[in-house]
Amino acid sequence: MSRRSFHTLVALTGIVGLLLILYQHLVFGVPFLPGEQKIVWSVDAKIEFQPDDLEQTQVRLALPAVQAEYAQLHQDTTSTGYSVDFVKENHGNFVQWSGNGSSGKQVHHYRTDFVRDPQATRSSITVPTLSEPADPEPYASAMQSIASQVTEQSTDPFSITARIIQEFHEKTDTVSMLLDKYERNQLVVRILSRCGIPARVIGVLSLEDNRHRQHLKQYIAVFRGAAYRIFDSKTGGAILSDHALIWNGNGEPLLDIVGGKNAHVSFSTHKNITSAIGVETGRFSEAVQNLAPSVSFAIGGLPTEEQRLFRSFLLLPIGVVIVVFLRIIVGIKTIGTFMPALIAMSFLQTTLPVGLVAFLVIVGFGLDIRSWLSHLHLLQISRISAVIIVVIALVILLTIFAYQVGLAEQLRLTFFPLVILSWTIERMSVLWEEEGVKEVLRQGGGSLFVAICGYFAMDCAVVEHLTFNFFGLQLVLLSFVMLMGRYTGYRFSELQRFAPLSKQIRTKCNGDQTEPEVIRLKAELSRLKADPGKTSQRWKAQCGDQQEQQK
Amino acid sequence: MTLVNTMNSWFASLTSPLDLARAGIMGMNGRNCNYVGRYNTRSLYPLVDNKLLTKQIAREHGVCTPALLCEVRTHADINAISTVLGAHTDFCIKPAHGSGGKGILVIKDRAEDGRGYVKTSGSIISEHDLKRHLTNILAGLFSLGGKQDVALIEELIHFDTALAEYSYEGLPDTRVIVFQGFPVMCMVRFPTAESDGKANLHQGAVGVGICLRTGRAVRAVQNNRPIEIHPDMGLDFLSLQIPHFPEILRIASQCYEMSGLGYIGTDIVLDRDRGPMLLELNARPGLAIQICNNAGLLPRLNLVEELIKHTSMTVEERIAFSQKHFGVF
């Protein structure tokens, strides 16, 4: 490819990339700087049941309530051989799986993402209507006495609730009698209704990162007008909304099954931190996809797990560009071409200091064991396989050690590219045998330096935001890489390597030369260019003469 | 403060890219992109990576290489090795795809009891050890990428007396950079104690720049610093004169037609009895040859690049041209 068409291609790639960036910014309003960070909770409800033989089976799960401070991003379901319907009824929304003829244990999943959003005010939780209490004696009067006792002291529904629960702790005869008859939450609701305060037992999912096999907790929602507050009837404390997601808020059953048995549901919860933009574009792209599926550039519409994956995929080109720059323009020698970029990626997961120490420990031990392996005269494939196994063992040992010391949070070594690390050890060890320890330190140090540069570039929130939200940037990076691929100038390291030589060439002539060779050859070249035909013929003739002389 | 000072003095030790360009020094990127990438066809690389293929094409073009006693491809070949070797007492075993001197075993004699082999160091290995070494070569223990390989058994090279007195333990070789069939620069690499008998410049071997016209030493460099006296043998480098130099240039220049590669480094050794022989070709020759010759490659390459646009030359004419234009004495 000619120089001009190459440069056109590079320029075209870069310009298309820039235009894409501008298009996303101007048309869709994607900002260039990341906004505040938002917390996204991913919830997975797992429904297990045993269908009756050859019966039509219908499973119905209540969907989480629409509630203040949480906005639902998207939801999906998985199940095999069942049809899925989303059903809307007066007292709430449901997802319904129907199917027949299946046998054995069945598992369905319902997944959804919620974002903490202080601006969200919509709520599907209705104020319960107060009904005429119809409790048998002596319980009715016992409740009434507690009700009148607490209403004397306060009129605020929330402090009344707190007082009722406090009464329960007194363990009087009345209270024990009532608790023998009624379930604790139900009892609080009944007494509140005698005070004229609407309340309801609700199911709440507590939001904790990486929790599995959770079940809903039963709490009481107490209303003051349309506003409500959630109380734990055991402690009397109010439940704060930042770690509690109301599931069935209108007293509807959580799980209903027809044509099956042993049904139960368990929840797992994961916390993700995303930039507010990602959440916004997620919502936005869903809207756009409905209008015209091809217009959406953002990955925000994908589930958070995939988003997280893409987030790191899209960061890698930054690391790669840095590797290319430092190798071609600066001239740093590294072990393995893209090993530094991958190491930098894993530093992102472990944080820099922990990652550095872990890297040095693993490579150090690995080299030690590798030098022992080389005495065994193994073939290359089995030698590397042995190193891989050793590296895995080292990673596990380090992780166990870190748990003992209490470093577990930071030491996410599973993110280390194990195969790449093993190859690094293999290459270093070959280098050690062939070129000596100095070269190992030089190239190993160079690789680490490149990895650290890559880490700082990729760790930057702005960079992460830009790579994730602007696909055009990838094209711009591509054009950079292509451009650097045709860079024929000097490397920065060569400015040092050839410094003494360039000084000598200019000051000292070789052998019998009277003028520097550079100048003479340049003059000859320009003579040749000025009159190519004649000069080349004359030179050729001279060659013949010279041969004659030598003979 | 001291950090700032060292940084400053380090920056002061750098030269500007303009100075390098004015001196005509070729950089790594320039070599890869403008010469190796442009003039060396990828599909021809096997010719230089595989020593057996190099030998074959050399034979077809009448270029002298160390005589091949036998090639060992299978385990049956290994078992028959003592009959094949017959009366040869000294030979050299190397992997066809080896690099950096790995896997090379030099045998200089038979043991007195007739059952073992004497290595250059004087230690004796048994026939069993010799066969195990061959097995390792076939299995790819020393080869690029660990691929299955073939072992070559060559006649031992006895170095020329003129060079032997300059070399410490290893074999000195003559490297000629050949561009489009024109020898453009030449050096001889001498192993030293520091380089552990290897002829690699960055490991401390001495590189001596050679004048293309006369075969005389231009200057000698070790670890990027000019030297005059051999660090181990105490001889003056500048009085060095390479014997059979025209023949060396002829072999080097012929390698262009032979391999089809436009920009190569040819490694040629001098045998006491048989004269210059081609040892191997290199499709990515290093840049340190410029330091040994106190000259940049670019002015020479540019002149050749312009010349071949207008005329074509025979091997002899190319050599004569290079000698006239690139010689220093």
Side-chain angles (χ1 to χ4, degrees), chain A residues 328-329 331 377-381 383-384 430 433-436 439 484-506 508-513 516-522 524-525 528-529 532-533 535-537 539-540 542-547 550, chain B residues 10 13-17 19-25 27-30 32-34 100 102 136 139-141 145-146 200 202-203 209 211 216 218-219 224-226 246 287 290-291 293-296 299-300 302-303 306-307 309-311 313 316-321 323-329:
Chain A
I328 294 185
I329 315 284
H377 292 289
L378 299 178
L379 291 179
Q380 194 187 31
I381 298 172
R383 199 168 60 211
I384 291 171
V430 169
E433 280 170 16
E434 289 176 7
E435 316 271 320
E439 200 58 27
M484 284 194 277
R486 281 278 188 110
Y487 172 75
T488 57
Y490 298 105
R491 294 177 178 177
F492 191 71
S493 59
E494 285 170 345
L495 299 186
Q496 190 192 22
R497 181 184 178 193
F498 292 127
L501 177 61
S502 82
K503 202 168 143 202
Q504 278 204 7
I505 286 180
R506 277 175 294 134
K508 206 175 143 207
C509 292
N510 295 323
D512 306 331
Q513 289 172 339
E517 187 186 286
V518 203
I519 297 169
R520 178 175 56 84
L521 288 178
K522 203 173 260 178
E524 287 179 3
L525 181 64
L528 180 63
K529 275 183 174 163
T535 318
S536 59
Q537 285 314 310
W539 285 354
K540 207 172 166 179
Q542 283 174 353
C543 291
D545 294 348
Q546 200 177 334
Q547 278 174 266
Q550 276 178 358
Chain B
W10 184 72
S13 78
L14 300 179
T15 182
S16 89
D19 280 343
L20 291 186
R22 236 176 275 144
I25 295 168
M28 195 61 93
N29 294 327
N32 289 344
C33 207
N34 294 338
K102 270 197 299 178
N136 284 339
L141 193 61
N200 288 333
H202 64 270
Q203 286 176 346
C211 163
R216 277 175 60 190
V218 178
R219 69 184 198 134
N224 283 348
R225 276 186 302 276
L287 301 172
Q290 301 177 107
I291 300 173
N293 278 280
N294 189 35
R300 300 185 181 188
N302 288 339
L303 193 66
E306 184 64 27
L307 182 71
K309 285 184 200 163
H310 309 294
T311 178
M313 291 181 163
E316 282 71 27
E317 283 171 333
R318 293 195 304 245
I319 295 169
F321 176 86
Q323 288 189 315
K324 175 164 167 42
H325 291 262
F326 307 143
V328 298
F329 284 107

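- For Asn29(B) and Arg491(A), the side-chain atoms include at least one donor-acceptor pair closer than 3.5 Å.
- Contact record, Asn294(B) with Gln504(A): OD1-CB, 3.5 Å, taken as the closest heavy-atom pair.
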Test log, rule side chain to side chain contact (heavy atoms under 4.5 Å, CB included), inputs Leu14(B) and Phe492(A): CA-CA 9 Å; Leu14(B) 300 179; Phe492(A) 191 71; 3.7 Å; yes
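- Interface residue Gln203(B): only side-chain heavy atoms are found under 4.5 Å from chain A.
- Leu525(A) CG to Arg300(B) CZ: the interatomic distance, rounded to the nearest 0.5 Å, is 14.5 Å.
- No part of Arg225(B) comes within reach of chain A, as not one of its non-hydrogen atoms sits under 4.5 angstrom from that chain.
- Using modelled atom types, one side-chain atom of Tyr490(A) and one backbone atom of Ile25(B) make a donor-acceptor pair closer than 3.5 Å.
- The minimum heavy-atom distance linking Ala295(B) with Glu517(A) is given by the pair CB-OE2, 4.0 Å.
- Of the two parts of Ile319(B), neither the backbone nor the side chain holds a non-hydrogen atom closer than 4.5 Å to a non-hydrogen atom of chain A.
- Annotation: side chain of Trp539(A) is in contact with side chain of Leu303(B) (closest heavy-atom distance under 4.5 Å).
- Contact check for Phe498(A) versus Gln290(B): side-chain heavy atoms found under the 4.5 Å cut-off.
- In terms of non-hydrogen atom pairs under 4.5 Å with chain A, the most contact-rich of Ser13(B), Pro226(B), Ala21(B) is Ala21(B).
- In this structure, Ile328(A) CD1 and Met28(B) CE are separated by 12.0 Å, a value rounded to the nearest 0.5 Å.
- Taken to the nearest 0.5 Å, the CZ atom of Arg22(B) stands 11.0 Å off from the CD1 atom of Ile519(A).
- The shortest non-hydrogen separation linking Cys33(B) to Thr488(A) is CB-CG2, 3.5 Å.
- Most heavy-atom pairs under 4.5 Å with chain B: of the set Arg506(A), Lys540(A), Arg497(A), Arg383(A), this distinction falls to Lys540(A).
- The one candidate from Ile291(B), Asn293(B), Thr15(B) that meets the side-chain contact (heavy atoms from CB on, under 4.5 Å) condition with Leu501(A) is Ile291(B).
- Of all heavy-atom pairs between Ser502(A) and Leu20(B), the closest is CB-CD2, 3.7 Å.
- Contact count versus chain B (heavy atoms, under 4.5 Å) is highest, among Cys543(A), Pro516(A), Gly331(A), for Cys543(A).
- Side-chain contact between Pro17(B) and Leu495(A) is present, with at least one heavy-atom pair separated by less than 4.5 Å.
- Taken to the nearest 0.5 Å, the CD atom of Gln496(A) stands 6.0 Å off from the CH2 atom of Trp10(B).
- Note on Gln537(A), Lys508(A), Arg520(A): by heavy-atom pairs under 4.5 Å with chain B, the leading option is Arg520(A).
- For a residue to count as touching a neighbouring chain, one of its non-hydrogen atoms must lie under 4.5 Å from one of that chain's; by this rule Gln542(A) touches chain B with the side chain only.
- Of all heavy-atom pairs between Gly24(B) and Val518(A), the closest is N-CG1, 4.3 Å.
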Asn510(A) and Phe329(B): CA distance, side-chain angles, deciding distance, side chain to side chain contact (heavy atoms under 4.5 Å, CB included) verdict: CA-CA 8 Å; Asn510(A) 295 323; Phe329(B) 284 107; over 6 Å; no
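- At least one side-chain heavy atom of Glu494(A) sits less than 4.5 Å from a side-chain heavy atom of Leu287(B).
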